[in-house]
Structure formats: C-alpha cells, structure tokens
Asker: 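Following this message is one structure expressed as structure tokens.
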Amino acid sequence: MEKANAVGSGSATNGEVPPPRKVALITGITGQDGSYLTEFLLNKGYEVHGLIRRSSNFNTQRIDHIYVDPHNAHKAHMKLHYADLSDASSLRRWLDTILPDEVYNLAAQSHVAVSFEIPDYTADVVATGALRLLEAVRSHIAASGRSHIRYYQAGSSEMFGSTPPPQSETTPFHPRSPYAASKCAAHWYTVNYREAYGLYACNGILFNHESPRRGENFVTRKITRAVGRIKVGLQNKLFLGNLQASRDWGFAGDYVEAMWLMLQQEKPDDYVVATEESHTVEEFLEVAFGYVGLNWRDHVVIDKRYFRPSEVDNLKGDASKAKKVLGWKPRVGFEQLVKMMVDQDIEMAKKEKVLVDAGYIDAQQQP
C-alpha cells in the first residue's frame with residue numbers, strides 16, 4: 001500500500017471550526033528519533049509531515065502503529081512524502097507545499113563506524129544535506145514571507161570527539177570520524193544561517209540516546225538483541241569491539257521533548273542534551289546480561305574488526321543550560337533504559353524461537 005502523499009485534516013465538533021493545527025516537517029521520520037518525535041508532536045495536536053526516501057521495501061516499522069490510512073482524513077494527522085536530503089529541489093517543493101511552522105532535520109547516515117566505509121555519502125547527506133535544507137528554508141521564507149518558521153538541527157556528542165569531558169555548549173569540537181566531522185559542518189551551517197539571515201535555527205547537541213527502537217547494528221541494541229537470543233538458546237556468542245569506550249546514554253523518548261522545547265523559546269540557541277552520567281560498554285554488558293541471570297564474560301568475544309580507526313574514549317555531557325533554560329531533565333535512568341531494551345528483545349527472541357522450533361525460519365545460529 002502506498003504510504004506517501006497521505007492527506008488529512010482536523011475535524012470539527014458541534015459545528016465549530018477547530019483551531020488550526022501547527023504543522024511540523026520531519027526528515028528522518030522513520031528512524032528512532034523521528035518515530036518518538038512524531039508521537040510527541042501528534043500528542044501535542046500537531047499535523048506531522050515526514051520526508052522519506054524511495055525504497056523497494058517500506059522502512060516504516062517504527063511508525064506503523066501511528067499510521068492512519070489517508071482516506072480516513074479526519075484521523076490522518078501524519079503524512080509521508082518522498083524526498084531526499086541529496087535532492088534540493090524536493091526539499092524546497094515540499095516546504096512550499098506543506099507550509100510547516102517547524103522543521104526538524106533528523107535524517108542522517110548516523111552510524112559512526114559505517115561513516116569510515118562511506119565517507120563521501122556521509123558528508124553529502126549529513127553535512128551538505130543540512131545545508132540544502134537550510135537554504136530551502138531560507139529561500140522559502142524569502143519567497144513567502146513566512147518568517148515565523150523554526151528549524152531544528154540534530155547535532156551529536158560525537159562532534160566533541162577527543163575533547164575531555166564534561167562537554168558543554170562551549171566545549172571545542174574535535175571530531176574523530178567522517179560522521180562527526182559532517183555533523184560539525186551541519187552545526188556551523190546552522191549557526192551561520194541564524195546569524196546571516198536571522199533564521200530561527202537551533203542546534204541540539206544530543207548525547208547518545210537509545211531505546212527499544214534503536215537499530216540492531218548499534219552497539220547497545222546489538223547487546224540487548226544478543227541477550228534475548230542467548231537467553232532462549234538461539235545464539236551463544238556476541239562479538240564486540242572496544243568495551244572501555246564510555247558514553248552518556250539516555251532514553252530517546254526523553255530527548256525528543258528537548259528538541260521541541262528548543263523551538264518554543266523566544267530566541268534560538270544551541271543546547272547540549274544529556275544525562276550527565278557516563279558508562280562504559282562493559283557496564284552496559286553487566287546490566288544487560290545480569291538482568292537475565294547471565295554472565296557476559298561467558299558469551300562476549302572481542303573482535304578487532306569492530307574497533308574504529310580513531311576511537312572516542314569518553315563522552316559525558318553538561319546539560320545545565322538545557323535544564324535551566326528549557327526546564328528539561330531526563331526521566332529514564334541508565335539501568336531502567338537497559339532493562340527496557342532487554343525486555344523487548346527477550347520477547348522478540350521468544351517469538352523468533354517459536355518460528356525456529358516450528359521450522360518456519362532458520363535460527364541463524366552464531367557460534
């Protein structure tokens with residue numbers, strides 16, 4: 001079923017005309033953050049439009065539970081449209097069509113290790129893609145006079161790289177990957193458009209944020225997915241790289257609120273969003289495996305192929321500005337986050353085990 005170009009509108013009750021909904025445009029809507037932000041904005045009464053890339057297979061599983069068929073116009077407040085950050089014309093066309101009040105640029109080639117393998121593509125989408133969208137917003141405002149539009153750029157703690165923690169908005173960037181360097185470019189493009197053109201544009205420098213919706217090739221989800229499969233007997237070993245890398249891990253569902261809060265302030269600014277706690281990959285393993293009564297040392301194998309060419313040792317955010325100005329603070333703690341992810345992956349593994357035992361699928365058993 002075609003999901004792009006869905007159309008919906010608000011409904012009137014008792015003959016009254018409902019107030020107009022605020023309109024948000026999200027790139028990267030099918031990702032972890034995009035799905036949580038969409039839920040958050042829909043609950044706030046927004047009409048949400050997402051830009052998605054053309055693919056032979058739908059990649060909408062994270063938002064399928066909130067998708068409403070466009071023929072049900074009174075309830076379809078989320079719409080999907082085909083576009084790409086590598087195609088400037090599509091970005092400007094949808095801005096002119098959708099007329100958003102807020103634009104959230106979450107789309108990226110967001111895997112740090114993969115950025116070493118495809119650096120050109122990473123830079124084109126993450127850095128130049130942000131520039132294309134900023135220019136599309138600027139030119140749309142110039143042509144339409146809709147100067148109230150507000151823009152959010154998704155930054156990353158990876159931009160700090162080898163700079164020692166704690167890292168705040170004033171900490172110098174020292175990126176250690178093509179992904180991080182590209183995010184630095186996007187950050188400064190955003191600052192430049194704010195200063196040069198008066199665009200209401202904010203950078204959210206978000207430290208690592210995870211959830212049960214995290215992609216399975218990210219280390220946190222790779223761990224919790226393996227815990228579930230090992231627990232039910234579908235897997236025995238888990239291959240990982242640097243266990244001493246330390247990260248400030250929070251819950252993605254908490255962090256999208258900070259994105260929205262940035263665009264509700266009187267003046268645009270840049271904010272670090274973090275829990276202000278740092279934990280190693282080994283600590284993550286301890287909590288995840290220990291939660292189900294397993295010892296991670298019996299299952300984890302170090303594989304040097306998973307080490308980065310240049311490592312980032314320790315990221316720990318100073319979110320005091322976000323707490324003071326935005327009134328934001330994280331709700332989900334580290335252990336609660338890990339257990340939340342393990343709980344889902346245990347259930348997923350149990351369902352997989354049923355299908356394997358019935359002979360419907362192969363176990364894809366690891367050694």
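What you see is a predicted model, and the numbers here were worked out from it, not measured in a lab. All values below come from the heavy atoms of this structure, side chains included, with hydrogens, waters and symmetry mates left out.
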Asker: Under 3.5 Å, is there a donor-acceptor pair between the Thr220 and Glu210 side chains?
Answerer: yes
Asker: With Lys222 as the cation and Tyr306 as the aromatic partner, state whether NZ or CZ is under 6.0 Å from the six-membered ring centre and within 45° of the axis.
Answerer: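 Positive - Lys222 is close enough to the ring of Tyr306 and near enough to its axis.
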Asker: Tell me whether the NZ or CZ atom of Arg213 lies within the 45° cone about the ring axis of Tyr36 and under 6.0 Å from its centre.
Answerer: yes
Asker: Under 4.5 Å between any side-chain heavy atoms of Glu286 and Arg297, yes or no?
Answerer: yes
Asker: On the six-membered ring of Phe218, is Arg214 placed so that its NZ or CZ lies under 6.0 angstrom from the centre and within 45° of the ring axis?
Answerer: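 Yes - Arg214 lies over the ring of Phe218, closer than 6.0 Å to its centre and within 45° of its axis.
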Asker: Could you give me the CA-CA distance, side-chain angles and deciding distance for Trp94 and Tyr82, then say whether side chain to side chain contact (heavy atoms under 4.5 Å, CB included) is met?
Answerer: CA-CA 9 Å; Trp94 284 119; Tyr82 289 121; 5.5 Å; no
Asker: So if I apply the side chain to side chain contact (heavy atoms under 4.5 Å, CB included) rule between Ile26 and each of Leu41, Leu51, Val103, which one comes out positive?
Answerer: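 It is Leu41, the one option of Leu41, Leu51, Val103 that forms the side chain to side chain contact (heavy atoms under 4.5 Å, CB included) with Ile26.
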Asker: Which heavy atom in Ile361 sits nearest to a heavy atom in Glu352, and how many Å separate them?
Answerer: CD1-CG, 3.9 Å
Asker: I'd like to know if the side chain of Gln32 pairs up with that of His209 as donor and acceptor (distance under 3.5 Å, no hydrogens or angles considered).
Answerer: no
Asker: Hydrophobic clustering (ILVMFWY, side-chain heavy atoms < 4.5 Å, transitive) - are Val342 and Val219 grouped together?
Answerer: yes
Asker: Would you confirm whether Arg21, through its side chain, and Glu47, through its main-chain N or O, come within 3.5 Å as a donor-acceptor pair?
Answerer: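 Here the side-chain-to-backbone pair does not exist.
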Asker: Quick one, Val281 and Ile223 - any side-chain contact, counting heavy atoms below 4.5 Å?
Answerer: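 Yes, side chains in contact.
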Asker: Which is it for Lys44 and Glu257 under the salt bridge (charged side-chain N to carboxylate O under 4.0 Å, His left out) test, yes or no, and what are the steps along the way?
Answerer: CA-CA 11 Å; Lys44 289 283 184 184; Glu257 180 184 16; over 6 Å; no
Asker: Would you say Val300 ends up clustered with Val292 if hydrophobic residues are merged whenever their side chains have heavy atoms under 4.5 Å apart, either directly or through other cluster members?
Answerer: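 Looking at the clustering, Val300 is in the same group as Val292.
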